[in-house]
Amino acid sequence: MKSRKIIFLSFIIGLTACQSAEHSDHQQDFTGYIISEKQKNIDSAFLVVPGKSIGKISLGENMTEVGKKLGRPDAGDAAMGKAWGIWYSKDSTDGQKNELAVYSSYRDTSMMVKEVKQIRITSAQFKTQSGLTTGGPEADTKLKFPAMELVSSYLNQNKDTVTVYDSRQDGIGFEFLKGKSISITVHPVNQSVNGTYLTLHPEWKLIE
């Protein structure tokens, strides 16, 4: 009887040790996943922070400072104190130059300072901390930003449909063409990304 108790006790101890080891291994793997997700090595010059910034340009920044960093815009549009400034990359892929666009307007009624209201990029070099960038499928974007909703659709110059989604509560919006993202826009949290596209792309036709 005594030997049976010893064997049974040894079994319980062994089982507990195995479960503890399995839990420890699982915990280590899970922790490792979190660390890898949160500590991706992304150059701050190309980091997208929803509701805050893209690269070296931040929401609320004085446009004078933006000009010092980027120089004169290559293109743009301005009216009634609001403006888009667009800077094109020096290189191109498939004949398409990447864009960095900044939407600005006056900071207050004094109309002394114009500040950054939205920042939009098309280059896949720019990434969120979790590695999300342009060129990815719509489904992946929805997984990372489940709150995003369709806010508008447009026909571009090629008569292709471009859909605009916004995760308003996160401060980030996306454009999709044929199921893949073609741009990322950062805007203030709880403000809509919509309402600026006809001035950025006057050739686009809003689909009612």
Side-chain angles (χ1 to χ4, degrees), residues 26-71 73-74 84-104 115-149 151 162-193 196-197 200:
H26 173 73
Q27 189 71 22
Q28 186 174 6
D29 291 342
F30 184 69
T31 303
Y33 171 77
I34 292 176
I35 289 173
S36 66
E37 280 294 302
K38 289 189 175 181
Q39 296 185 0
K40 287 182 181 291
N41 188 23
I42 299 175
D43 187 339
S44 60
F46 299 100
L47 181 62
V48 176
V49 183
K52 292 187 177 179
S53 60
I54 292 183
K56 297 178 180 180
I57 310 302
S58 301
L59 297 178
E61 186 173 356
N62 191 322
M63 284 301 295
T64 300
E65 296 303 314
V66 173
K68 291 178 182 178
K69 295 175 183 178
L70 301 179
D74 299 303
W84 274 108
I86 304 172
W87 289 260
Y88 296 111
S89 62
K90 302 305 178 186
D91 57 345
S92 62
T93 304
D94 297 329
Q96 297 287 335
K97 288 190 175 183
N98 287 311
E99 303 174 8
L100 187 158
V102 177
Y103 179 66
S104 63
E115 67 176 15
V116 178
K117 300 296 185 182
Q118 289 189 13
I119 313 159
R120 176 183 176 273
I121 52 91
T122 62
S123 171
Q125 273 191 293
F126 292 89
K127 300 177 182 179
T128 64
Q129 191 64 59
S130 63
L132 185 68
T133 185
T134 58
E138 187 176 318
D140 285 357
T141 309
K142 286 182 177 179
L143 282 176
K144 289 185 169 62
F145 292 96
M148 76 178 202
E149 297 179 346
V151 292
V162 177
T163 54
V164 180
Y165 282 79
D166 189 20
S167 183
R168 182 170 176 160
Q169 67 187 44
D170 296 303
I172 190 167
F174 307 90
E175 292 168 27
F176 295 94
L177 175 63
K178 298 178 181 179
K180 290 189 176 182
S181 65
I182 58 172
S183 79
I184 296 175
T185 300
V186 165
H187 61 84
V189 172
N190 294 325
Q191 291 186 23
S192 176
V193 71
T196 61
Y197 286 88
L200 178 60

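Just so you know, residue 1 is the first one in the sequence shown, and it goes up from there.
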Is there a side-chain contact (heavy atoms from CB on, under 4.5 Å) between Glu175 and Arg120 once you walk through the steps? CA-CA 10 Å; Glu175 292 168 27; Arg120 176 183 176 273; 2.8 Å; yes
**Prompt:** Can you name the closest pair of heavy atoms from Gly135 and Lys180 and give their distance?
**Reply:**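 That would be O-CD, 3.6 Å.
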Looking only at heavy atoms, what is the nearest atom pair of Thr196 and Val193, with distance?
->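 Closest pair (atom of Thr196, atom of Val193, distance): OG1-O, 3.8 Å.
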Using side-chain heavy atoms (C-beta onward) and a distance below 4.5 Å, is [X] in contact with [Y]?
{"X": "Ile86", "Y": "Leu200", "answer": "yes"}
{"X": "Lys52", "Y": "Leu59", "answer": "no"}
{"X": "Asn98", "Y": "Phe126", "answer": "no"}
{"X": "Thr185", "Y": "Val164", "answer": "no"}
{"X": "Thr134", "Y": "Ile184", "answer": "yes"}
{"X": "Gln169", "Y": "Asn190", "answer": "yes"}

What distance separates [X] [atom1] from [Y] [atom2], expressed to the nearest 0.5 Å?
{"X": "Thr133", "Y": "Asp140", "atom1": "OG1", "atom2": "CG", "value": "12.0 Å"}
{"X": "Tyr197", "Y": "Trp84", "atom1": "OH", "atom2": "CH2", "value": "6.5 Å"}
{"X": "Gln125", "Y": "Ile42", "atom1": "CD", "atom2": "CD1", "value": "12.0 Å"}
{"X": "Phe46", "Y": "Lys56", "atom1": "CZ", "atom2": "NZ", "value": "8.0 Å"}
{"X": "Ile182", "Y": "Ile121", "atom1": "CD1", "atom2": "CD1", "value": "11.0 Å"}
{"X": "Glu61", "Y": "Lys117", "atom1": "CD", "atom2": "NZ", "value": "13.0 Å"}

Kindly say whether [Y] contributes a backbone atom to a donor-acceptor pair with the side chain of [X] at under 3.5 angstrom?
{"X": "Glu65", "Y": "Asn62", "answer": "no"}
{"X": "Thr122", "Y": "Glu99", "answer": "yes"}
{"X": "Ser53", "Y": "Ser58", "answer": "no"}

Got more than 12 heavy atoms from elsewhere within 6.0 Å of NZ, Lys69?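 Yes, the 6.0 Å shell around NZ holds more than 12 heavy atoms from other groups.
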- Show your working on side-chain contact (heavy atoms from CB on, under 4.5 Å) between Trp87 and Ile57 and close with a plain yes or no. CA-CA 13 Å; Trp87 289 260; Ile57 310 302; over 6 Å; no
side-chain contact (heavy atoms from CB on, under 4.5 Å) for Asp166 and His187? Distances and angles first, verdict last.
CA-CA 10 Å; Asp166 189 20; His187 61 84; 2.7 Å; yes
Notebook entry, point to check: Would a line drawn from the ring center of Phe145 to the ring center of Tyr165 be shorter than 6.0 Å?
Noted result: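 Judged by ring-centre distance (under 6.0 Å), Phe145 and Tyr165 do not meet the cut-off.
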Open item on the list: Is there a side-chain contact (heavy atoms from CB on, under 4.5 Å) between Thr141 and Phe176? Walk through the geometry before answering.
Closed with: CA-CA 10 Å; Thr141 309; Phe176 295 94; 3.8 Å; yes
